[in-house]
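Residue numbers begin at 1 in each chain, while the letters A, B, ... track the order of the sequences. Here the structure is a predicted model, which is why all the values come from computation and not from measurement.
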Amino acid sequence: MKLPFVRVPRSLFLIPLLAVAAAVALRLTDTNLATAQTPVLTAGLAAEDPGLDPDAAVWQSAQAIDVPLTAQTAIYPAGGSIPLVRAQAVHFNDTLFVRVAWQDDSADDLTDAVDKFADAVALEFPAQAASTVPAVCMGQADAGVNIWYWRADSNRGPLTDLAQVHEGAVVDSLPYTPEEADRFFPARKAGNPVAYPNTGAVQNLVARAFGTLTPAADQAVQGLGKHDGNKWIVVIVRPFASANPDLTAFQVGDTTDMAVAVWNGSQRDRNGQKAVSQFMRLSISDQPPSAAPAAAAAILPPAEEGGLNWPLLIGLSLGLPIVLVLSFIWITLANERRAAP
Amino acid sequence: MTARPLIATPSRAAVDLGAWTRGLPQALVAAAAVELLLLRLFTRTAIHIPGIDQFAGPYTVLAETGRLAYYAATALLVMVLASVALRALAARSLAGALAALGIGLFLVGAAAALAGSVNDLALAAITLAAIAALVPFTATALGPRGAAGLLLFVGAFALAAAFRAIEMAGGHAPSALLPAAESLALLFALSAPLLFARGGRNRRLLILAASLGALVFLALLANAATVKILALWSFGLAGYFPAVVYGAAAAALLYAVLVAAHRGRWSVALGLALLVLGGIGLQSTYQSGLVVASLGLLAGRTVGEKPAQVLT
């Protein structure tokens with residue numbers, strides 16, 4: 001039996017032309033037909049000030065998402081060092097609190113030699129003045145980024161006595177007056193924030209592409225990290241508002257973009273050698289923190305304590321391939337049965 | 001009276017829809033490729049070139065071209081999805097009806113997401129359901145080898161998407177899902193010449209494919225940080241494996257596409273190209289739509305192909 005086929009007029013050649021016309025129309029009206037399916041981190045309204053404590057009670061009920069990172073390595077051809085970082089966020093009294101945690105067996109918080117590098121984490125946001133979503137790689141000329149950069153060695157505090165590390169070291173007294181101090185502290189003279197030991201564990205930085213990373217005049221970002229033996233947990237805090245257009249700002253009801261970068265000092269990660277995520281969406285909600293999105297909670301059973309939803313895990317990870325294979329086998333057998341004489 | 005088959009085998013599903021698909025898939029692949037090269041890759045790297053301000057004019061022209069290509073690709077994608085759904089319905093089989101239903105569900109879901117009527121988790125479930133619905137229809141058209149390759153890619157997509165969906169639902173997905181997804185994706189790419197372009201060897205195309213593979217390998221060696229973030233952002237690949245694996249995968253996949261096109265198997269060539277452009281995992285409804293469209297194209301044929309089985 002010959003199946004019918006459909007005749008289509010040759011005017012179908014005009015379809016690509018219509019597509020171009022549609023593209024121009026969409027561009028002029030700035031209408032995007034697609035929707036992002038990237039992760040959304042929702043910062044709920046905390047009932048009390050969580051402070052800088054990574055173990056504050058509010059984090060038990062806050063939504064947590066695991067963000068995949070690029071497998072960065074400094075030693076070819078080994079694999080990546082930090083594959084995932086777990087991010088949570090809440091806000092209280094117009095202040096944003098972001099908690100990030102990642103697996104790292106070694107707490108690299110002592111950089112007392114040139115070949116030692118600190119563990120670190122950074123959060124990147126588009127600047128207020130950005131005209132578009134900036135390139136995740138340190139921004140671009142017309143869309144800068146604001147980076148909150150926490151370092152484990154800054155978290156530990158300044159090394160005040162070199163003799164603690166170098167027992168045989170001898171230091172002569174340096175003949176300088178307070179007016180000549182900058183001559184003997186070139187990093188401080190250059191404005192290197194690491195050279196100021198009392199600025200806190202988090203640097204507030206701005207950038208508009210590679211090579212433009214600069215400390216912001218306003219160093220209002222605070223943070224505290226804790227290593228529990230096999231992972232770092234860091235809380236970074238900043239008020240919503242900022243008058244500086246090169247910095248980011250937040251508002252309840254808004255959604256912005258956020259990326260995460262992690263350095264593993266024992267793997268000699270530093271500078272551009274790091275594990276980076278792509279941008280995720282950060283939504284500032286006026287609702288209390290919830291472990292699961294409200295809409296999802298309505299149609300799914302609540303996640304077990306610890307976060308693992310076993311029914312969903314089994315359903316999505318195993319059920320789909322099983323359905324595919326069974327349907328393929330069923331259809332093939334049915335076809336052969338009907339085709340048999 | 002001859003019983004109508006439950007599922008139309010490729011030799012029976014010789015519905016000449018060439019007129020429907022003439023130019024459409026090719027235009028979609030061209031637009032999506034330009035979008036990838038200019039928007040997802042060029043604009044994200046060129047801004048870091050020292051002194052790029054001096055070339056503001058050419059940069060702006062290229063960036064706008066990339067944006068127009070994106071909008072054209074989204075418009076063409078809707079048309080291709082509609083044409084593929086009609087072709088699936090015209091096959092008059094259960095698998096065809098299921099495929100058409102999946103495509104329709106995806107289009108409705110994407111529109112609902114645009115209107116804010118459906119949340120991320122539901123959209124993820126719709127995307128996975130649409131792809132699952134297309135698998136039987138496409139697998140039977142491709143035959144055993146092609147179906148094996150198809151399942152490798154779909155498995156990679158499903159694992160990467162499952163990771164994201166579990167997170168959306170408030171759970172914590174096993175971290176092993178991501179490298180597992182990437183492993184399947186690389187295996188799909190490395191086996192593409194064997195599964196989709198078997199028979200004969202074309203030295204010229206081999207050299208062309210090997211050149212791309214070498215370029216990818218060298219780019220990873222030169223600047224792994226930037227290249228890997230681009231791969232994560234554009235294709236959903238985090239770069240867990242050595243650079244040589246990605247170079248070989250790129251070469252193998254390009255060779256399969258070129259050989260299929262050279263032999264006139266445009267449905268395979270265009271379908272594979274769209275799979276690459278879509279990537280694995282859930283990035284956006286645009287990229288997910290490219291994957292859905294690619295599965296539909298792999299099942300059918302465009303002008304110039306014999307009405308026999310898609311793959312010999």
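Using a distance-only test at 3.5 Å, with no hydrogens or angles considered, a donor-acceptor pair links the side chain of A:Q88 to the main chain of A:A62. With hydrogens and angles disregarded, no donor-acceptor distance shorter than 3.5 Å links the side chain of A:R270 to the backbone of A:N264.
Donor-acceptor pairing under 3.5 Å is recorded for the side chains of B:E35 and B:Y286.
The greatest number of non-hydrogen atom pairs below 4.5 Å with chain A, out of B:T74, B:L77, B:L230, is found for B:T74. Contact tally against chain A (heavy-atom pairs below 4.5 Å) for B:A110, B:A73, B:A72: the top residue is B:A72.
At a 4.5 Å heavy-atom cutoff, the contact between A:L84 and chain B is made by side-chain atoms alone. Contacts between B:Q287 and chain A at a heavy-atom distance below 4.5 Å are absent for every atom of the residue. At a 4.5 Å heavy-atom cutoff, the contact between B:L178 and chain A is made by side-chain atoms alone.
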Can B:R164 and B:E167 be said to form a salt bridge (charged side-chain N to carboxylate O under 4.0 Å, His left out), step by step?
CA-CA 5 Å; B:R164 190 68 57 80; B:E167 295 286 325; over 6 Å; no
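Across every non-hydrogen atom of B:W233 and B:Q283, the tightest pair is O-OE1, 3.7 Å.
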